[in-house]
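Let me begin by presenting the structure, written as structure tokens, before commenting on it.
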Amino acid sequence: MATWSADELGASTASEEHGGLCPICQGSRFIHPLNSSGEPDYSRVIPCRCTDVEIKRKKTERLQSISNLGNLTRLTFENLLPTGREKDPASQQLFQKIYSTVRVYAENPEGWLILVGPVGSGKTHLASAVANYRINRGYPVFYITVADLLDHLRSAFSPDSELQYDELFEQVKECPLLILDNLNILTTTAWAKGKLDQLLEFRFNNKLPTLITTSSPVEEFNNDYAGHINDTDISTVLVLKKEISGLQNLDSLDLELLKDMKFKTFYYKRLGLPENVRQNLEEAYRNALDFAQSPQGWLIFQGLNGCGKTHLAAAIANYLREAGKSVLFIVVPDLLDHLRSTFGPDSKVSYDALFEKIKKIPVLILDDFGQHSATPWAQEKLYQLINYRYNAKLPTVITTCLDLDDIETRVSSRMVDPTISLVFNIMAPDYRGDIKSARNTKSRQKSRD
């Protein structure tokens, strides 16, 4: 680990006059520069051009040795494709824009830069390129993965450790440019989370240049991290590529029918409905739109199949998605199937990781919450999910055909809590009946013609 004294930062060694001739230019290795009068200034000494190159080379080697980059010294801007590895034009254009922004940061690192993307998106190459660029210009950088940092801090408690914990932690906290690679929201212990909190809080409060890479969407970070990362006065977030995870395959909103379920396609002035039912349907629409515009608390829609509750829930999800917000729309039977599938030997997603992401998604929409949760395992999973979001007060929308009395008490008692939840019963009948009736009317009209 590095210490940030003048020598460690590669301070010029020109004042150390070794004497002798330069083996390249055969002149003196160190000379006195001329002053404004053209006379030698004997109060100063500078290296000849050849010696200066050698000094800078040794300085770079020293900076590289304390940077902790190791083999990553090979990752530079020069061997990074400015358009990235993706073949589609949109991805290339996005990467090129991010590449340009990162290069500007490398010239003059100020504030925080957060690179977000899955494995293989190029974020570590970009971060390493920044480090190598700064080092080659004589500036100190310290690079480390978060997992390695935590391991180093743990090992520093050992009596055999060459570096004491306090000394090590202070060096990392105060380094001129810190690059934290692979910051994960799922820290394993309270101790690990506490150390990261201290580190990031110190660097944030002191506005120390910090480059962070993560594969986790920034919306999923806890409030402490999110507050720092989303502070536009000090932080810039660059998303290289949307994370490909269990959540992407889980989201039902990509289904063609649900994509078209938006507020503009929800017709609450349905013909043939009694006035009080039309007013009820319009109120449901208003409640859904209010929630979409400002997601807070819980919104529970009850009603018959086809009454419009799924359309309104999907409209909320589509509205938030178009606004760039993180939202998951999932049909509950599908959710349970996905959770079960993670136990399979061929699953590429761990159960714990997937369940944590679902629990903590900024806005969760659970469609068709019903009798499919009859097994003890399913009931327990849904209770854990509901209880977490209830205690965390995370925005949640639930649709169900059941009366709340028919839902497990542990869950229903949280749904009806008026301090967090609005329960709305949609009185309208199945709208598909309207479609069927309209088709029958057209058919009879054609037969008369």
Ignoring hydrogens and angles, tell me if any N or O in the side chain of N79 forms a donor-acceptor pair with the backbone of T76 under 3.5 Å.
yes
Atom CG in D260, atom NE2 in H311: separation rounded to 0.5 Å?
9.0 Å
Go through L126 and I98 one step at a time and tell me if the side-chain contact (heavy atoms from CB on, under 4.5 Å) criterion holds.
CA-CA 9 Å; L126 283 166; I98 290 173; 4.2 Å; yes
Counting only N and O atoms by type, is there a donor-acceptor contact under 3.5 Å from the side chain of S421 to the main-chain atoms of V416?
no
Measure centre to centre between the rings of F77 and Y99, then say whether the value is under 6.0 Å.
yes
Donor-acceptor contact below 3.5 Å, side chain T210 vs main chain L208
yes
From L299 CG over to I398 CD1, what is the distance, rounded to the nearest 0.5 angstrom?
9.5 Å
Compare all side-chain heavy atoms of L402 with those of F369 and state whether any distance is below 4.5 angstrom.
no
D181 and T213: CA distance, side-chain angles, deciding distance, side chain to side chain donor-acceptor pair (under 3.5 Å) verdict:
CA-CA 5 Å; D181 197 13; T213 78; 2.2 Å; yes
Hey, are the side chains of L200 and F202 touching, using non-hydrogen atoms and a 4.5 Å cut-off?
no
Does G117 offer a backbone N or O that forms a donor-acceptor pair with the side chain of K123 under 3.5 Å?
yes
Could you state the interatomic distance from CZ (F355) to CG (L385), rounded to the nearest 0.5 Å?
5.0 Å
Looking only at heavy atoms, the pair that brings N318 and K259 closest together is ND2-O, 3.7 Å
Could you pull out the closest heavy-atom pair between L394 and I361, with the gap in Å?
CD1-O, 4.5 Å
Please work out which of the three classes, parallel, tilted or perpendicular, describes the rings of Y285 and F263, given edges at 30° and 60°.
perpendicular
Atom CG of L177 and atom CD1 of I179: how far apart are they, to the nearest 0.5 Å?
5.0 Å
Within the 4.5 Å heavy-atom criterion, are I426 and Q302 side-chain neighbours or not?
no
Heavy-atom side-chain proximity of R203 to C175 below 4.5 angstrom
yes
Does the pair K262 and E322 meet the rule for a salt bridge (Lys or Arg N to Asp or Glu O under 4.0 Å), with working shown?
CA-CA 11 Å; K262 301 183 179 181; E322 291 171 1; 2.9 Å; yes
Tell me the closest heavy-atom pair linking L183 and T214, and the distance in Å.
O-OG1, 2.6 Å
Closer than 3.5 angstrom, by distance alone: can the side chain of S128 be matched with the main-chain N or O of T124 as a donor-acceptor pair?
yes
Check: I144 main-chain N/O paired with D148 side-chain donor or acceptor under 3.5 Å:
no
Spacing of N387 atom CG and L382 atom CG [to the nearest 0.5 Å]:
12.0 Å
Side-chain ion pair, R286 and E282, N-O less than 4.0 Å:
yes
Keeping R389 on the side-chain end and P395 on the backbone end, is there a donor-acceptor pair under 3.5 Å?
yes
Could you walk me through whether Y267 and K269 pass the side-chain contact (heavy atoms from CB on, under 4.5 Å) test, one step at a time?
CA-CA 6 Å; Y267 189 63; K269 296 180 180 179; 3.7 Å; yes
Where do A428 and V277 come nearest, in terms of heavy atoms and distance?
CA-CG1, 3.7 Å
Could you go through R410 and E380, starting from their C-alpha distance and side-chain angles, then the distance that decides it, and tell me whether this counts as salt bridge (Lys or Arg N to Asp or Glu O under 4.0 Å)?
CA-CA 10 Å; R410 292 185 302 172; E380 189 60 29; 3.2 Å; yes
Looking at side-chain heavy atoms only, is the closest gap between P295 and L320 below 4.5 Å?
yes
Quick one: does F204's side chain get under 4.5 Å of I234's, heavy atoms only?
yes
Please determine whether side-chain contact (heavy atoms from CB on, under 4.5 Å) holds for the pair D430 and L304, giving the CA-CA distance in whole Å, both sets of side-chain angles, and the decisive distance to 0.1 Å.
CA-CA 7 Å; D430 189 342; L304 300 173; 5.9 Å; no
Would D367 and T399 count as a side chain to side chain donor-acceptor pair (under 3.5 Å) if you check the C-alpha gap in whole Å, the side-chain angles of each, and the deciding distance to 0.1 Å?
CA-CA 5 Å; D367 190 38; T399 76; 2.4 Å; yes
Tell me whether R137 forms a cation-pi arrangement with Y133, defined as NZ or CZ under 6.0 Å from the six-membered ring centre and within 45 degrees of its axis.
yes
Donor-acceptor check, side chain of T101 to backbone of K97, threshold 3.5 angstrom: yes or no?
yes
Take L199 and L149, measure what side-chain contact (heavy atoms from CB on, under 4.5 Å) needs, and give me the verdict at the end.
CA-CA 11 Å; L199 173 61; L149 171 62; 3.7 Å; yes
Considering all heavy atoms of both residues, which atom of D368 and which atom of V332 are nearest to each other, and what is their separation?
O-CB, 3.7 Å
Using side-chain heavy atoms (C-beta onward) and a distance below 4.5 Å, is L422 in contact with W298?
no
Tell me if a side-chain donor or acceptor on S413 pairs with a main-chain N or O of T409 at a distance below 3.5 Å.
yes
What is the distance from atom CG of L80 to atom NE2 of H125, rounded to the nearest 0.5 Å?
4.0 Å
Which heavy atom in Y105 sits nearest to a heavy atom in E110, and how many Å separate them?
CE1-O, 3.3 Å
Has the side chain of T73 got a donor or acceptor atom that lies under 3.5 Å from a matching backbone atom of G70?
yes
Are F329 and R321 packed together at the side-chain level, in the sense that at least one heavy-atom pair is separated by less than 4.5 angstrom?
no
Does a side-chain N-to-carboxylate-O contact under 4.0 Å join K173 and E170?
yes
Taking the basic N atoms (NZ, or NE/NH1/NH2) and the acidic carboxylate oxygens, is any pair closer than 4.0 Å for R103 and E107?
no
